[in-house]
A.B. asks: 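Structure below; questions to follow.
Treat the numbers as computed from the prediction; the structure is a model and nothing was measured. First the proteins, then the strands, lettered A, B, ... as listed; each starts at 1. Side-chain atoms are counted along with the backbone in the values below, which use heavy atoms only and exclude waters and symmetry mates.
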2 protein chains.
Amino acid sequence: MENAADLEQAQMNNTTMFSEQNLNAIKSIMSVTDFKKDSNIYWEGDPSDKLYYLIKGRVKLYKSAYDGKDLVLHYFTPNDLFGELACFGFEEYSFTAHAVTNCTIGVVAERDLEALLLPNSSLSFEFMKWIGLMSKYTQIKLRDLLFYGKNGALASTLLRMAHGYGKKEADGIHYSINLTNSDLAQLIGSTRETVNRMLQAWKNDGAINYYHGSIVIKDVDYIKAICHCEDKCPMNICRL
Amino acid sequence: MENAADLEQAQMNNTTMFSEQNLNAIKSIMSVTDFKKDSNIYWEGDPSDKLYYLIKGRVKLYKSAYDGKDLVLHYFTPNDLFGELACFGFEEYSFTAHAVTNCTIGVVAERDLEALLLPNSSLSFEFMKWIGLMSKYTQIKLRDLLFYGKNGALASTLLRMAHGYGKKEADGIHYSINLTNSDLAQLIGSTRETVNRMLQAWKNDGAINYYHGSIVIKDVDYIKAICHCEDKCPMNICRL
DNA sequence: TAATATGTATGATTTTTGTCACACAAATCG
DNA sequence: CGATTTGTGTGACAAAAATCATACATATTA
């Protein structure tokens with residue numbers, strides 16, 4: 001998060017641990033499907049027998065409470081792999097995957113993947129890393145949401161948004177993604193109003209600003225202080 | 001959680017997905033070590049190059065905030081496997097593992113395990129399941145701590161404690177583990193006082209009681225209602 | 001057994017967060 | 001283009017949870 005190069009990199013995907021060869025092997029068993037904006041790719045509770053490789057669009061992974069409140073785990077961008085598989089110990093999907101925009105997605109059936117994995121320990125290892133990485137996302141989320149209150153959770157979210165969606169400009173960090181106050185609230189398990197008040201307070205303190213209706217980070221250190229960010233997290237997990 | 005058989009089973013371990021043969025293979029490369037009560041087995045931030053197979057004792061996995069507040073992820077009991085490995089995508093331990101009692105632990109070095117895994121896809125698959133299970137623990141924790149407030153988090157903790165540590169008797173469910181109010185507070189990211197007040201309120205409502213200083217669940221449904229438990233979680237993840 | 005440490009119980013107060021209500025701005029759509 | 005939907009900004013209030021303080025009870029150990 002320190003240097004402009006990090007901020008300007010287009011996207012942070014979760015498939016960096018795959019070798020080109022192995023990634024191609026996975027791609028060879030994918031069947032490409034389109035999903036319309038605002039449709040669900042799978043629901044929490046569905047039998048988990050497919051993985052999804054996002055080719056185009058944006059997907060969010062979330063969990064609903066009984067009263068309709070959603071907690072958004074993360075957003076996926078192109079080249080991200082998501083989903084769960086019974087052969088990885090997940091009988092049913094734990095979350096719901098939702099197409100935020102129109103999406104093009106490569107669908108990998110468990111049966112086909114398993115055939116690929118069995119004789120290929122290199123690929124198996126890379127899949128372990130992928131599961132480990134997904135697990136780490138959740139751990140970090142848990143920490144961010146529980147340790148420093150809603151202010152900390154929001155601050156951390158803004159910082160993580162800067163990776164993949166942030167661009168350092170003369171007046172601060174601009175975002176190429178435009179999340180509403182409600183979107184941010186769902187990411188931290190809070191309410192629109194609370195998010196709005198926190199953002200206004202930070203704006204009054206000069207830490208953030210608005211440009212064409214979207215947030216600009218003026219004082220990164222101010223935001224980092226709120227969630228006690230020490231730039232210690234590996235880059236690949238510091239993302240939405 | 002419905003029937004006495006579930007409650008009375010001694011322990012719920014996280015290695016059920018390993019075949020006897022594979023578990024023995026893992027055991028064959030372990031070096032058994034003793035850890036004293038109140039010592040740490042590893043610290044958050046240490047390079048993660050060992051797995052641990054708990055033979056005797058109790059271990060807790062936790063994360064510390066800058067102000068010293070701890071969040072306890074879970075407790076391990078004999079036959080549980082814990083730890084992280086760089087070859088599974090974890091460069092450094094994400095949490096600290098602490099010996100709650102004197103422990104006997106089988107230590108598995110990454111190098112040795114990797115040699116075992118490479119030619120053995122059956123074992124590799126079982127390790128994927130293990131990583132997936134550990135990941136699921138974290139997901140469930142996230143849900144429990146965020147969806148239904150501190151009351152929900154505590155209720156869910158008491159219910160999960162009932163597996164592995166609960167015994168159904170005439171007057172309700174007794175626990176064989178004795179966690180203090182502070183211990184419970186660390187499990188839900190709250191304070192001793194808040195936990196105490198919640199327990200007192202439930203006691204006044206007749207949902208719980210005390211017997212020789214430890215909690216007895218009189219009305220499981222009352223507790224389940226608080227965290228909206230629908231008995232849908234797979235048994236192997238409904239644990240501390 | 002007295003002294004100390006550990007744990008429980010509870011009141012008073014403050015801080016944090018959520019809820020409800022409403023005004024208004026901006027985007028979308030028939 | 002006017003109507004409707006969607007999003008923002010805030011005040012007033014309520015609820016949840018943390019903090020501070022204090023009184024006891026129960027273990028532990030010197």
Side-chain angles (χ1 to χ4, degrees), chain A residues 37-38 65-72 100-102 144-158 175 177-205 207-216 226-228, chain B residues 37-38 65-72 100-101 144-158 175 177-205 208-216 226-228:
Chain A
K37 177 179 168 161
D38 288 328
Y66 80 111
D67 59 356
K69 273 185 194 163
D70 292 341
L71 177 69
V72 173
V100 177
T101 65
N102 285 326
D144 284 349
L145 299 198
L146 281 169
F147 272 7
Y148 308 117
K150 297 304 178 186
N151 279 279
L154 182 59
S156 146
T157 301
L158 291 186
Y175 291 106
I177 192 181
N178 215 322
L179 298 183
T180 66
N181 289 352
S182 297
D183 292 332
L184 291 170
Q186 292 190 328
L187 277 163
I188 66 170
S190 180
T191 61
R192 183 186 69 76
E193 295 95 322
T194 297
V195 166
N196 186 264
R197 276 182 246 267
M198 293 189 285
L199 291 176
Q200 292 304 316
W202 297 349
K203 188 181 150 197
N204 289 338
D205 277 9
I208 67 169
N209 213 334
Y210 282 91
Y211 178 75
H212 286 336
S214 78
I215 298 169
V216 176
I226 296 171
C227 56
H228 300 263
Chain B
K37 176 178 170 165
D38 287 329
Y66 81 111
D67 59 357
K69 275 187 192 162
D70 291 341
L71 178 69
V72 174
V100 177
T101 65
D144 284 349
L145 299 198
L146 281 167
F147 272 7
Y148 308 116
K150 298 303 178 185
N151 279 278
L154 182 58
S156 145
T157 301
L158 291 187
Y175 292 105
I177 191 180
N178 216 321
L179 299 183
T180 66
N181 289 352
S182 297
D183 291 332
L184 291 170
Q186 293 189 329
L187 277 163
I188 66 171
S190 180
T191 62
R192 186 184 65 74
E193 294 97 321
T194 299
V195 166
N196 185 262
R197 276 182 246 266
M198 292 189 287
L199 290 176
Q200 291 306 316
W202 297 348
K203 188 182 151 197
N204 290 338
D205 277 10
I208 67 169
N209 213 333
Y210 282 91
Y211 178 76
H212 286 336
S214 78
I215 298 169
V216 176
I226 296 170
C227 57
H228 300 264

A.B. asks: Quick one: label N181(A) by what it contacts on the DNA or RNA (base, sugar-phosphate, nothing), any heavy atom closer than 4.0 Å.
C.D. replies: sugar-phosphate
A.B. asks: Can you measure from CH2 (W202(A)) to CG (N151(A)) and round to the nearest 0.5 angstrom?
C.D. replies: 5.5 Å
A.B. asks: Taking NE2 from H212(A) and P from dA27(C), how many angstroms apart are they, rounded to a whole number?
C.D. replies: 11 Å
A.B. asks: In whole Å, what is the span from the CG atom of L184(B) to the P atom of dA9(C)?
C.D. replies: 12 Å
A.B. asks: With sugar-phosphate meaning primed atoms plus P, OP1 and OP2, does G152(A) contact a base, only sugar-phosphate, or nothing at under 4.0 Å between heavy atoms?
C.D. replies: nothing
A.B. asks: Step by step, work out the side chain to side chain contact (heavy atoms under 4.5 Å, CB included) result for Q200(B) and N196(B).
C.D. replies: CA-CA 6 Å; Q200(B) 291 306 316; N196(B) 185 262; 3.8 Å; yes
A.B. asks: Without swapping roles, check the side chain of N102(A) against the backbone of K37(A) for a donor-acceptor pair under 3.5 Å.
C.D. replies: yes
A.B. asks: Taking C-beta and beyond as the side chain, do M198(B) and I226(B) meet within less than 4.5 Å on heavy atoms?
C.D. replies: no
A.B. asks: Could you tell me whether the phosphate oxygens of dG7(C), OP1 or OP2, come under 4.0 Å of any side-chain nitrogen or oxygen in N178(B)?
C.D. replies: no
A.B. asks: What's the closest nucleotide to the E193(A) side chain, out of dA9(C), dT8(D), dC20(C)?
C.D. replies: dC20(C)
A.B. asks: Between atom CG in L146(A) and atom P in dA17(D), what is the gap in whole Å?
C.D. replies: 12 Å
A.B. asks: So L179(B) and T157(B), do their side chains get closer than 4.5 Å, heavy atoms only?
C.D. replies: no
A.B. asks: dA18(D) phosphate, OP1 or OP2: any side-chain N/O from T191(B) under 4.0 angstrom?
C.D. replies: yes
A.B. asks: Quick one: label K69(B) by what it contacts on the DNA or RNA (base, sugar-phosphate, nothing), any heavy atom closer than 4.0 Å.
C.D. replies: sugar-phosphate
A.B. asks: Between K203(A) (NZ) and dT8(D) (C1'), how many Å, whole number?
C.D. replies: 10 Å
A.B. asks: So, do L199(A) and I208(A) sit near enough that their side-chain heavy atoms are less than 4.5 Å apart?
C.D. replies: yes
A.B. asks: Whole angstroms only, please: what is the CD1-P distance between I188(B) and dA16(D)?
C.D. replies: 15 Å
A.B. asks: Please determine whether any donor N or O and acceptor N or O are separated by less than 3.5 Å between the side chain of R197(A) and the base of dG18(C).
C.D. replies: no
A.B. asks: Could you tell me whether the side chain of R192(A) has a donor or acceptor atom within less than 3.5 Å of a complementary atom in the base of dG9(D)?
C.D. replies: yes
A.B. asks: Measuring to OP1 and OP2 of dT10(D), would you say a side-chain N or O of Q200(A) lies under 4.0 angstrom away?
C.D. replies: yes
A.B. asks: With rounding to the nearest 0.5 angstrom, report the OG1 to CG distance, T194(A) to L184(A).
C.D. replies: 12.5 Å
A.B. asks: For K203(B), is there any backbone N or O sitting under 3.5 Å from a side-chain donor or acceptor partner on Y210(B)?
C.D. replies: no
A.B. asks: Between dT10(D), dG18(C), dA18(D), which nucleotide has the shortest distance from any of its atoms to the side chain of S190(A)?
C.D. replies: dG18(C)
A.B. asks: Tell me: CG of D183(A) to C1' of dT6(D), nearest whole Å?
C.D. replies: 12 Å
A.B. asks: Within the structure, does a side-chain N or O atom of T194(B) lie under 4.0 Å from either OP1 or OP2 of dA17(D)?
C.D. replies: no
A.B. asks: dA9(C), OP1 or OP2 - any side-chain N/O from N196(B) closer than 4.0 Å?
C.D. replies: yes
A.B. asks: Whole Å only: how far is the CE atom of M198(A) from the C1' atom of dT8(D)?
C.D. replies: 15 Å
A.B. asks: Hunt down any stem DNA chain D takes part in, defined as 3 or more consecutive Watson-Crick or G-U pairs whose two distances are each under 3.5 Å.
C.D. replies: C:1-30 with D:1-30
A.B. asks: With the side chain of K150(B) defined as its heavy atoms from C-beta on, choose the nearest nucleotide among dA18(D), dT10(D), dG18(C).
C.D. replies: dA18(D)
A.B. asks: Could you check how far CG of L154(A) sits from P of dG18(C), rounded to whole Å?
C.D. replies: 12 Å
